[in-house]
Amino acid sequence: MVSERSDATDGDTTALALKILVAGGFGVGKTTLVGAVSEIRPLRTEELLSETGRLVDYTDGVDRKVTTTVAMDFGRITIRSGLSLYLFGTPGQDRFWFLWDELAQGALGAVVLADTRRLADCFPAVDYFEHRHIPFVVAVNCFTGARRHDEHSVLRALDLDQGTPVVLCDARDRDSGKEVLIRLVEYAGRIHTARLLDSVR
């Protein structure tokens, strides 16, 4: 885990900034979540979907989507005094996955956004973080009109390790998104502490 410490404005305290990834399938709400919680104007790299792109991108279920992230989204949120999160939203299409390794460098953990109407779309993100031992939570974005599933049903459907947090959220709502991030920081902190203790035994 790489964190960044910088002198706070009063000179007496140290601010801690942690890097968090927001990942998931195409059109699941990653850009929306970063934009909703960010306290700064988010950096977005969205481009209009082209007819050529539609031939290679799987857009079933998100037919009304007209833009796509081609590099990353970036935002920042202060969780409490002295603790900020830098949020990096990953691109969702297969053809941009080569960027994930760069974005994942030094990340404390990740949020995997899921849409229960297209749950299989988040499998690649789950596999990615599991294989790299990066702690993650699954946040089910509760779209209007979508059938609601509880956390345990999603946990079983994704075949997640016991203990992996699954939370329901509304990616458009700042408070809901902030709760997801707090759950991730708490969970990732426990995982990293356990690994550190194991390494010194």
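A pairwise comparison of heavy atoms in Leu103 and Pro91 identifies CD1-CD, 4.2 Å as the closest pair. Looking at every heavy atom in both residues, Leu155 comes nearest to Val166 through CD1-CG2, 4.0 Å. The two atoms that bring Gln105 and Lys19 nearest to each other are O-NZ, 2.8 Å, heavy atoms only. The heavy-atom pair separating Tyr187 from Gly163 by the smallest distance is CE1-O, 3.5 Å. Across Cys122 and Val112, no two heavy atoms sit closer than the pair CB-CG1, 3.9 Å. Taking both residues in full, the closest heavy atoms of Ala104 and Leu21 are given as CA-CD1, 3.6 Å, listed atom of the first, atom of the second, then distance.
For residues 156-174, the set of pairs meeting the salt bridge (charged side-chain N to carboxylate O under 4.0 Å, His left out) definition, not counting sequence neighbours, comprises Asp170-Arg172.
Grouping the Ile, Leu, Val, Met, Phe, Trp and Tyr side chains by contacts below 4.5 angstrom, directly or via other members, places Ile40 with Tyr86.
Inter-residue side-chain proximity for Leu119 and Leu158 is flagged as met; some heavy-atom pair is nearer than 4.5 Å. Side chains of Val180 and Leu184 form no contact here, defined as non-hydrogen atoms less than 4.5 Å apart. A 4.5 Å side-chain heavy-atom check between Val37 and Leu85 finds every atom pair outside the cut-off. Looking at Cys169 and Leu113, their side chains come closer than 4.5 Å, going by heavy atoms from C-beta outward. Phe74 is not listed as a side-chain neighbour of Val34, based on a closest heavy-atom distance of 4.5 Å or more.
The ring pair (Phe, Tyr, Trp, His ring centres under 6.0 Å) check on Phe129 picks up nothing, with sequence neighbours excluded. Qualifying side chain to side chain contact (heavy atoms under 4.5 Å, CB included) partners for Asp198, counting only residues two or more places apart in sequence or in other chains: Arg201. Under the side chain to side chain donor-acceptor pair (under 3.5 Å) criterion, Glu130 pairs with no residue at all, not counting sequence neighbours. Every residue meeting the side chain to side chain contact (heavy atoms under 4.5 Å, CB included) condition with Glu186, not counting sequence neighbours, appears here in chain and number order: Ile182, Arg183, Arg190. Listed by chain and residue number, Glu39 satisfy the side chain to side chain donor-acceptor pair (under 3.5 Å) test with Arg76 (two or more places apart in sequence, or in another chain).
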Leu83 and Leu18: CA distance, side-chain angles, deciding distance, side-chain contact (heavy atoms from CB on, under 4.5 Å) verdict: CA-CA 8 Å; Leu83 175 60; Leu18 303 173; 3.6 Å; yes
Decide yes or no on side-chain contact (heavy atoms from CB on, under 4.5 Å) for Asp73 and Val22, but give the supporting numbers first. CA-CA 9 Å; Asp73 299 309; Val22 180; over 6 Å; no
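Counting only distance, with no hydrogens or angles, the side chain of Ser38 and the backbone of Gly35 share no donor-acceptor pair below 3.5 Å. At distances below 3.5 Å, not a single donor-acceptor pair connects side-chain atoms of Lys30 with backbone N or O atoms of Phe88.
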Side-chain donor-acceptor pairs of residues 132-150 under 3.5 Å, sequence neighbours excluded:
unit_1, atom_1, unit_2, atom_2, d
Arg132, NH1, Tyr128, O, 3.3
Asn141, OD1, Ala171, N, 3.1
Asn141, ND2, Val28, O, 3.0
Asp150, OD1, His152, N, 3.2
Asp150, OD1, Ser153, N, 2.7
Asp150, OD1, Ser153, OG, 2.8

